[in-house]
Amino acid sequence: MNADIRPVLKLRDDTVGALAAMRGVFGRDLKVAFRQRQDLLNPLLFFVMVVTLFPLGVSPEVSFLREAGAGILWVAALLSVLLSLDHLFRHDFDDGTLEQLVLQPQPLFLLVLAKTMAHWVLTGLPLVILTPVLGVMVHLDGNSIGVLCLTLLIGTPVLSLIGSIGAALTLGLRSAGVLLSLLIIPLYIPVLIFGTGTVAAAAEGAQVGAYVALMGAFLVLALTLAPFASAAALRISLSNG
Amino acid sequence: MWQFFHKLGSPKWFFGIATRLMPWLLAGGLLLLMAGIVWGLAFAPKDYLQGNSYRIIFIHVPTAFIAQSIYIMMAVAAVVTLVWRMKLADVFVKAVAPVGLVLTFLALFTGAVWGKPTWGTWWIWDARLTSMLILLFLYGGVIALDRAINDEKSAARSVAVLVLVGVVNIPIIKYSVEWWNTLHQPATFKLTEKPSMPADMWVPLLLSVLGLYLLFGWLACLRMQTEILFREQRTRWVKDYVMAGRG
């Protein structure tokens with residue numbers, strides 16, 4: 001990518017505090033993403049297309065879709081996040097910005113957290129916003145759609161955070177995309193199970209407070225631990241490439 | 001005592017120790033495993049529910065048990081790699097991950113063979129099987145990542161990070177799969193593993209488990225030795241060792 005369309009990081013000054021640095025990284029990532037809008041659109045289109053495959057491939061019957069709809073949407077969202085993880089670090093890796101980021105005096109795990117949150121705002125959040133439309137297409141009722149959106153809202157940041165570990169580990173490797181999927185999907189399985197389980201419970205009429213609390217626990221665990229793992233993995237990958 | 005750990009950091013010292021240990025591990029392992037399996041397959045009494053088909057437990061349980069403990073061992077080795085930067089810890093992880101993969105696969109396979117006569121099906125999405133399947137994927141991921149990175153030192157540390165992330169997830173995966181199973185599937189099949197086994201059933205089982213542990217130790221030593229020979233190929237002692245073997 002051209003250096004002149006990517007804004008320069010002005011963080012070398014170590015009088016800049018950690019939070020200000022995080023805001024800088026977050027803002028920069030959003031700015032960069034909006035200048036290359038295709039990267040934003042691809043995961044959304046993928047999401048819609050994957051959801052479309054299921055009625056076509058299995059059965060368009062309302063009874064099937066109503067039962068499987070939440071699971072289909074969750075799996076499609078998971079795959080879309082997985083697909084979009086590639087551009088979390090790779091563009092910065094290619095043009096050298098990532099090395100500058102690692103050299104910053106501010107703690108790397110906070111900067112990685114800021115990047116991951118920017119990534120979620122750009123990919124996970126649009127997926128959640130698109131979910132009601134797709135939920136109607138798979139004949140989910142209003143209550144289910146609401147709970148589904150809630151689980152995706154809590155779950156997609158977890159997916160981005162766990163995914164950032166995988167993206168950092170596979171940075172710069174050949175066939176990084178498939179390798180990333182192999183590494184990350186086992187780690188995604190608990191999130192998927194609880195996400196869809198919450199919607200299933202809501203569909204049966206049960207209270208979902210406990211399930212949502214568990215999802216929240218995943219989010220807190222990922223928020224606190226994943227950035228450290230990602231930062232360590234980034235340092236390792238950069239020393240390798 | 002700490003000197004032992006320092007010595008363990010030297011590939012050459014470990015190579016010597018492994019060469020001395022291996023015959024004992026092999027002999028002991030084969031003896032215990034054969035004792036356990038022959039006793040279990042031929043002499044242990046018939047199960048009152050399953051008849052003779054339960055006997056595969058003497059192969060299934062050791063493989064499953066050791067497949068799971070290998071991952072824990074790999075996690076400990078990963079911590080040693082990252083914190084103390086010991087080369088041998090990374091050699092251990094690299095040598096042992098494929099063994100774990102094969103044992104997990106064997107556990108799933110023997111489980112399927114056991115399941116067909118007792119449950120009427122080769123596979124079922126219950127908590128334990130699904131957890132073992134995910135463990136298989138975790139092993140596969142470790143091996144894939146190790147193969148994908150060319151530089152040895154980076155590969156060691158990346159794999160260590162991955163193993164640790166996996167080990168943090170294992171309790172989460174187990175818990176979530178159990179929860180998923182109780183939510184989505186009524187227990188139509190009960191796992192007919194009686195918790196209170198008579199002595200003439202759990203003794204051969206114990207023998208098989210211990211035997212397989214010793215055999216795993218032998219295999220781990222062998223694979224680690226091979227890896228050490230490859231990594232240290234430019235050193236004097238390896239050249240002497242290889243040339244001595246030829247003469």
(message) I need the B/K153 NZ to A/S239 OG distance, nearest 0.5 Å.
(response) 10.5 Å
(request) List for me each residue that meets ring pair (Phe, Tyr, Trp, His ring centres under 6.0 Å) alongside A/F228, sequence neighbours excluded, and say none if there are none. (result) A/F109
(request) Could you have a look at B/L135, B/I149, B/V168 and say which one has the most heavy-atom pairs with chain A under 4.5 angstrom? (result) B/I149
(message) Can you list the residues of residues 157-175 of chain A that sit under 4.5 Å from chain B, counting heavy atoms only?
(response) A/I165, A/L169, A/T170, A/L173
(message) Quick check on the interface: out of B/A148, B/S176, B/A144, who has the most heavy-atom pairs with chain A under 4.5 Å?
(response) B/S176
(request) Tell me, yes or no, whether the heavy-atom count around B/F105 atom CZ, taken from other residues, nucleotides or ligands under 6.0 Å, exceeds 12. (result) no
(message) So, applying side-chain contact (heavy atoms from CB on, under 4.5 Å) with A/L183, which one of B/L145, B/L138, B/V142 is it?
(response) B/L145
(message) Is it the case that over 12 heavy atoms from other parts of the model lie below 6.0 angstrom from the CZ atom of A/F46?
(response) yes
(message) Taking side chain as everything from C-beta outward and backbone as N, CA, C, O, which of these in B/N169 sits under 4.5 Å from a heavy atom of chain A? Side chain, backbone, both or neither.
(response) side chain
(message) More than 12 heavy atoms of other residues, nucleotides or ligands under 6.0 Å from CD of A/Q207: yes or no?
(response) no
(message) Sub-4.5 Å heavy-atom contacts with chain B: which residues of residues 66-88 of chain A show up?
(response) none
(request) Considering only heavy atoms and a distance below 4.5 Å, find which of B/V161, B/L164, B/L162, B/I170 pairs most often with chain A. (result) B/L162
(message) Using every non-hydrogen atom in the two residues, find where A/P186 and B/I173 come nearest and quote the distance to one decimal.
(response) O-CD1, 3.6 Å
(request) Hey, could you give me each pair passing ring-ring contact (aromatic ring centres under 6.0 Å, His included) that has a residue in residues 177-198 of chain A? Not counting sequence neighbours. (result) A/F194-A/F218, A/F194-B/W179
(request) Grab the two heavy atoms, one from B/S154 and one from A/I236, that are nearest each other, plus how far apart they are. (result) O-CG2, 3.5 Å
(message) Out of A/I189, A/L225, A/L187, return the one with the most heavy atom pairs under 4.5 angstrom to chain B.
(response) A/L187
